[in-house]
Amino acid sequence: MRIVFPDSSSKEFEAGTTGLEIASDISRGLAKQALLVRFNGRLLDLEEPLEEDGNLEILTFQEDEGRDALRHSCAHLMAGAVQKLFPGTILGIGPSIEDGFYYDMQIPDFPGISAFEAISAEMERQVKEDIPFIRIEMDCDEAVELFRSRGEDYKLELLEEIRDKGEVISVYRHGDFVDLCRGPHVPSTGYLRHFRLLSTAGAYWRGDENNPMLTRIYGTVFDTAKHLQQHLDMLEEARKRDHRKLGPELGLFAMGGDGGPGLAYWLPAGTVVREELEDLWKKAHVKAGYQLVRTPHIAPVELWKTSGHNDYYRENMYFLEVDKGEYALKPMNCPGHIIIYKNSRRSYRELPIRLAELGVVYRYEKSGVLHGLMRVRGFTVDDGHIFCSEDQIVDEIKGVVRFALYFLRIFDFGYRIELSMMDRENTGKYAGIPDEWEKVEAALGRALEDMGEEYTPVPGEAVFYGPKIDIKLRDALGRYWQGPTIQFDFNIPQRFNLTYVGDDGREHRVYMVHRALFGSVERFIGNLIEHYAGNLPGWLAPRQAVILPITESQLGRAEEIGRIVSEAGLRNYVDGRSETVGYRIREAETGKVPYMLIVGEREAASGEVSLRVHGEGDRGTMPLEEALEIVMAGCRRPELPE
RNA sequence: GCCGAUGUAGCUCAGCUGGUAGAGCAACUGAUUCGUAAUCAGUAGGUCCGCGGUUCAAAUCCGCGCAUCGGCUCCA
């Protein structure tokens, strides 16, 4: 048979040769790295005999498929170890995931993470034994028989669903362990040397709250000890950057305790950060043609009935009684902005109308989902609503995308754009008419294409009221976060009968776009803290410079410098405590103050300072003006857009 | 809300099988006047998350709450 390789070279092999043998034929190194193959588009085990001509790709840990196979195999290894140590364990599912794998199991008397040591030891033993993973194909009835005899009720449930598809059933066995599995797998447990069990959690069978909860064990596995270590280091780095630790440590905000769960209290230093950020936001919005507005925190429940929130968002809302009438705390800003839109009769000449507000909203979130600043019960949406006519849509969308990217660039975030569209199979659940959707989805796509931005269309991901563009931001550790979102709304303009008078003198339905660039100011600051590991850019730093007299004799000069620095518009303080210079420098470093101006006897006499930059170290002695230039440049506020 | 873990001084943590709470850092006071990431000494600081129970005796054992963390679910 003739085998064609990805570089389109080809070679003749005897029929029945396996992928592994072919890899060995190419090079020893490749044979060692090979985990599985793609043959004529199908993923196969390395030891599967190839019987016909075809295109062959040998996959290693470098490829997604290789990582998946390794991780999925390790999930089997782990589940096998658990079943051995905890007889009576029933298997759920155990897929590979980004960065690792998990397995959901019903484990009798599972003691929690204290069992990790024993499970790992058993896994290691099986790695040493180098037990082969064996693929066995059978028909559905045989498989049912097999799993029934093993008491694997969940597998039986899965089999009933596969049955209809009429596919060949495959199971994989290693030692005593058997699992229903499409494969492919790596050849043997010996490939799984570099694993680590990470955490355990509860997970509902098939993700359904009404089903029993299984024990999920997370782990990861890599091809080399080095890669495993790098990953563990990355997790450690993420842990160190955790905004829930850094935020309170740097005096930015306080949460929990008497303040109530899911509510952030901004300390003076954190408030400086917010004010700077919000100040830039406001100025940039005014420049981008938005009008700033303000709306109250509570509104009569009738408003929420009109908007529909009272029906479909009720379980997330807080209600209160006012003069025997019912009010609700606002979970969103849009109805408020609509009241402003409707305050006067709108003409096509006014459009587009762009309203923006840093609006504080309150949403009831289940206690288990709260997470630092990322998921809270009260937060500030940097909300904006654009009211426009149909022919303005593309330009408006472009404007918002450009505006969103302006903010991401300021903070050196990477990004990825997703376009969420309706599910064409199920148009009934959406507001508006399918034709309008098509039109707007096309307009959103066109706007992105015109701008030269790549995006991933995600059919079926749209919310019921309209298609949307989501920009995920990528931080310094390569993690993705919810970023700017631009959502079309076919529903609300209709509910509130939002119109404008066209040049034909008739009323037209206005198009409406919701957009948020930070999403939530709180969450965005949480992202910034983790992205910068707490070392915020100079313009956001709560304390931009500290002036350190070496001894008490320079205290007067230090205070004089402090005044000069303040006049230059920089936030600074003098640390003249009777501690050693080393101590005070250390404190400024750990407090992440970007600049230190040190003045000793020599500098005081010559009008100089010694400049030290956070994270960089001593920059030497220089005239005060020169140092001030450097500090001012490092603390300069970003340019406004355009 | 659900599963699991955790909760001791402002922070990080010790406290063995029940016998009545400790360290380092921080804070405060004093001394020290110092040249680029921790000067020395002293003082003070605790409802051992809360409530209830078992016990002669509970930080420790049991129950119920609460909060936090890891997930699940949810996410207009």
Side-chain angles (χ1 to χ4, degrees), chain A residues 92 97 102 104 106-107 110-115 198-218 239 242 244-245 248-249 251 254-262 304 307-317 331-335 361 363-372 374-375 381 431 462-466 468 482 485 487 489 491-492 514 516 519 548-555 576-591 596-603 610-621:
Chain A
I97 52 173
Y102 68 79
D104 286 348
Q106 188 175 304
I107 311 174
F110 186 63
I113 40 169
S114 59
L198 294 172
S199 60
T200 169
Y204 300 109
W205 167 239
R206 323 215 71 181
D208 185 337
E209 199 159 6
N210 302 310
N211 284 336
M213 182 162 281
L214 307 179
T215 300
R216 172 172 297 183
I217 300 177
Y218 283 94
R239 204 180 58 78
D242 194 326
R244 291 168 302 183
K245 186 170 140 65
E249 236 170 60
M255 292 192 82
D258 297 336
W304 305 106
S307 71
H309 291 94
N310 190 59
D311 296 327
Y312 49 73
Y313 204 58
R314 192 180 177 83
E315 69 259 25
N316 285 296
M317 292 168 66
M332 291 182 201
N333 297 303
C334 20
V361 299
R363 299 181 186 175
Y364 172 74
E365 300 281 2
K366 290 178 182 176
S367 61
V369 306
L370 300 174
H371 180 92
M374 306 305 193
R375 196 72 184 270
V381 181
V463 278
F464 84 85
Y465 54 82
K468 60 173 180 170
Q482 176 65 48
T485 167
Q487 314 194 346
D489 198 326
N491 184 45
I492 269 207
H514 310 256
L548 296 171
I550 300 262
T551 75
E552 224 170 282
S553 337
Q554 292 90 43
L555 189 55
R577 292 174 301 165
S578 75
E579 300 285 351
T580 61
V581 189
Y583 180 87
R584 286 174 287 153
I585 286 175
R586 179 186 155 79
E587 207 165 74
E589 290 282 357
T590 56
M596 289 166 234
L597 302 177
I598 300 165
V599 50
E601 202 177 337
R602 292 196 302 273
E603 291 86 353
S610 166
L611 176 68
R612 187 188 165 95
V613 181
H614 171 61
E616 246 178 71
D618 191 3
R619 288 274 288 267
T621 301

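Order of the sequence lines sets the chain letters (A, B, ...), proteins ahead of strands, with each chain counted from 1.
A/His371 has a side-chain polar atom (N or O) that falls below the 4.0 Å cut-off from OP1 or OP2 of B/G70. Phosphate proximity of B/G70 to A/Ser199: absent, as no side-chain N or O sits under 4.0 Å from OP1 or OP2. Here A/Arg216 does not reach the OP1 or OP2 of B/A5: none of its side-chain N or O atoms lies under 4.0 Å away. The shortest distance between the side-chain N/O atoms of A/Arg612 and the OP1/OP2 oxygens of B/A37 is below 4.0 Å. OP1 or OP2 of B/C72 lies within a sub-4.0 Å distance of a side-chain N or O belonging to A/Tyr218.
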Quick one, A/Tyr465 with A/Ile492, criterion side-chain contact (heavy atoms from CB on, under 4.5 Å). Give me CA distance, side-chain angles, the key distance, then yes/no. CA-CA 8 Å; A/Tyr465 54 82; A/Ile492 269 207; over 6 Å; no

Walk me through it: do A/Gln482 and A/Met374 pass the test side-chain contact (heavy atoms from CB on, under 4.5 Å)? CA-CA 10 Å; A/Gln482 176 65 48; A/Met374 306 305 193; over 6 Å; no

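Note: CD1 (A/Ile598) to P (B/G35) measures 12 Å, nearest angstrom. Regarding A/Tyr102, its OH atom lies at a distance of 8 Å from the P atom of B/C72, rounded to whole Å. Atom-to-atom, CD of A/Glu579 to C1' of B/C25 comes out at 13 Å; the value is rounded to the nearest Å. Atom-to-atom, CG of A/Leu370 to C1' of B/G70 comes out at 14 Å; the value is rounded to the nearest Å. Between the CD atom of A/Glu552 and the P atom of B/A31 there is a distance of 11 Å, given to the nearest Å. A straight line from CZ of A/Arg577 to P of B/U39 spans 11 Å, rounded to a whole angstrom. Remark: P of B/U12 and CZ of A/Arg239 are 11 Å apart, rounded to the nearest angstrom. Rounded to a whole Å, the CG atom of A/Leu555 is 17 Å from the P atom of B/U32.
The only member of A/His614, A/Arg612, A/Arg619 that meets side chain to side chain donor-acceptor pair (under 3.5 Å) when paired with A/Glu616 is A/Arg619.
One P atom belongs to B/C13, the other to B/G18, and the distance between them is 25 Å to the nearest Å. Remark: the separation of the P atoms in B/C16 and B/C62 is 15 Å, to the nearest Å. Rounded to whole Å, the P atom of B/C61 lies 37 Å from the corresponding atom of B/C28. If you take atom P in B/A21 and the same atom in B/C25, they sit 23 Å apart, rounded to whole Å. Here the separation of B/C74 from B/G63, taken at their P atoms, is 31 Å to the nearest Å. Taking the P atom of each, B/A59 and B/U73 are spaced 41 Å apart, rounded to whole Å. Spacing between B/G22 and B/A9 at atom C1', rounded to whole Å, works out to 10 Å. Taking atom P on both nucleotides, B/C2 is separated from B/U60 by 25 Å, rounded to a whole Å.
Among the protein residues, A/Thr215 comes within range of no part of the nucleic acid, since none of its heavy atoms lies under 4.0 Å from any strand. Heavy atoms of A/Met332 sit under 4.0 angstrom from primed sugar atoms or phosphate atoms, though from no base atom. A/Gly582 comes within 4.0 angstrom of sugar-phosphate atoms only, judged by non-hydrogen atoms across all strands, and of no base.
Each of A/Gly617 and A/Glu249 was assigned the nucleotide of RNA chain B with the nearest heavy atom; the assignment lying further toward the 5' end belongs to A/Glu249. Along RNA chain B, the nucleotide nearest A/Ala203 and the nucleotide nearest A/Lys245 are compared for position; the residue whose nucleotide lies closer to the 5' end is A/Lys245.
Searching all strands for a Watson-Crick or G-U wobble partner of B/A38 with both distances below 3.5 Å returns nothing. Taking a pair to require two hydrogen-bonding distances under 3.5 Å in either a Watson-Crick or a G-U wobble arrangement, B/A14 remains unpaired. Judged by Watson-Crick or G-U wobble contacts below 3.5 Å, the nucleotide B/G70 has B/C3 as its partner. Pairing for B/U54 is absent, with no Watson-Crick or G-U wobble pair whose two atom distances lie under 3.5 Å. Both distances falling under 3.5 Å, in either a Watson-Crick or a G-U wobble arrangement, occur for no nucleotide opposite B/U33. Judged by Watson-Crick or G-U wobble contacts below 3.5 Å, the nucleotide B/U20 has no partner. Both distances falling under 3.5 Å, in either a Watson-Crick or a G-U wobble arrangement, occur for no nucleotide opposite B/A26. Base pairing annotation: B/G45 forms no Watson-Crick or G-U wobble pair, as no partner gives both donor-acceptor distances under 3.5 Å.
A/Glu315 approaches A/Tyr364 most closely through the heavy-atom pair O-CD2, 3.5 Å. Taking all atoms of both residues into account, the shortest heavy-atom contact from A/Asp618 to A/Leu611 is OD1-O, 3.4 Å. Pairing each heavy atom of A/Ile550 with each of A/Arg584, the nearest pair is O-NH2, 3.3 Å. Contact record, A/Trp304 with A/Met332: CH2-O, 3.6 Å, taken as the closest heavy-atom pair. Taking all atoms of both residues into account, the shortest heavy-atom contact from A/Leu214 to A/Gln106 is CD2-CB, 3.9 Å.
Relative to the side chain of A/Arg602, the nucleotides B/G35, B/G1, B/C34 differ in distance, and B/G35 lies closest. The side chain of A/Ser367 lies closest to B/G1, out of B/G1, B/A37, B/A38. Checked against B/A67, B/A37, B/U39, the side chain of A/Pro261 finds its nearest nucleotide in B/A67. Among the nucleotides B/G35, B/G70, B/G1, the one closest to the side chain of A/Ala201 is B/G70.
Counting heavy atoms from C-beta outward, A/Glu603 and A/Ile598 have side chains that stay 4.5 Å or more apart. The side-chain heavy atoms of A/Asn316 and A/Pro331, taken from C-beta on, include no pair separated by under 4.5 Å.
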Could you write out each protein N or O paired with an N or O of nucleotides 73-75 of chain B at a distance under 3.5 Å?
| unit_1 | atom_1 | unit_2 | atom_2 | d |
| --- | --- | --- | --- | --- |
| B/U73 | O2' | A/Glu209 | OE1 | 3.2 |
| B/C74 | O2 | A/Arg375 | NH2 | 3.3 |

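Other residues, nucleotides and ligands contribute over 12 non-hydrogen atoms within 6.0 Å of the CD atom of A/Glu249.
Evaluation of atom-type donor-acceptor distances gives a pair under 3.5 Å for the side chain of A/Ser578 against the base of B/U32.
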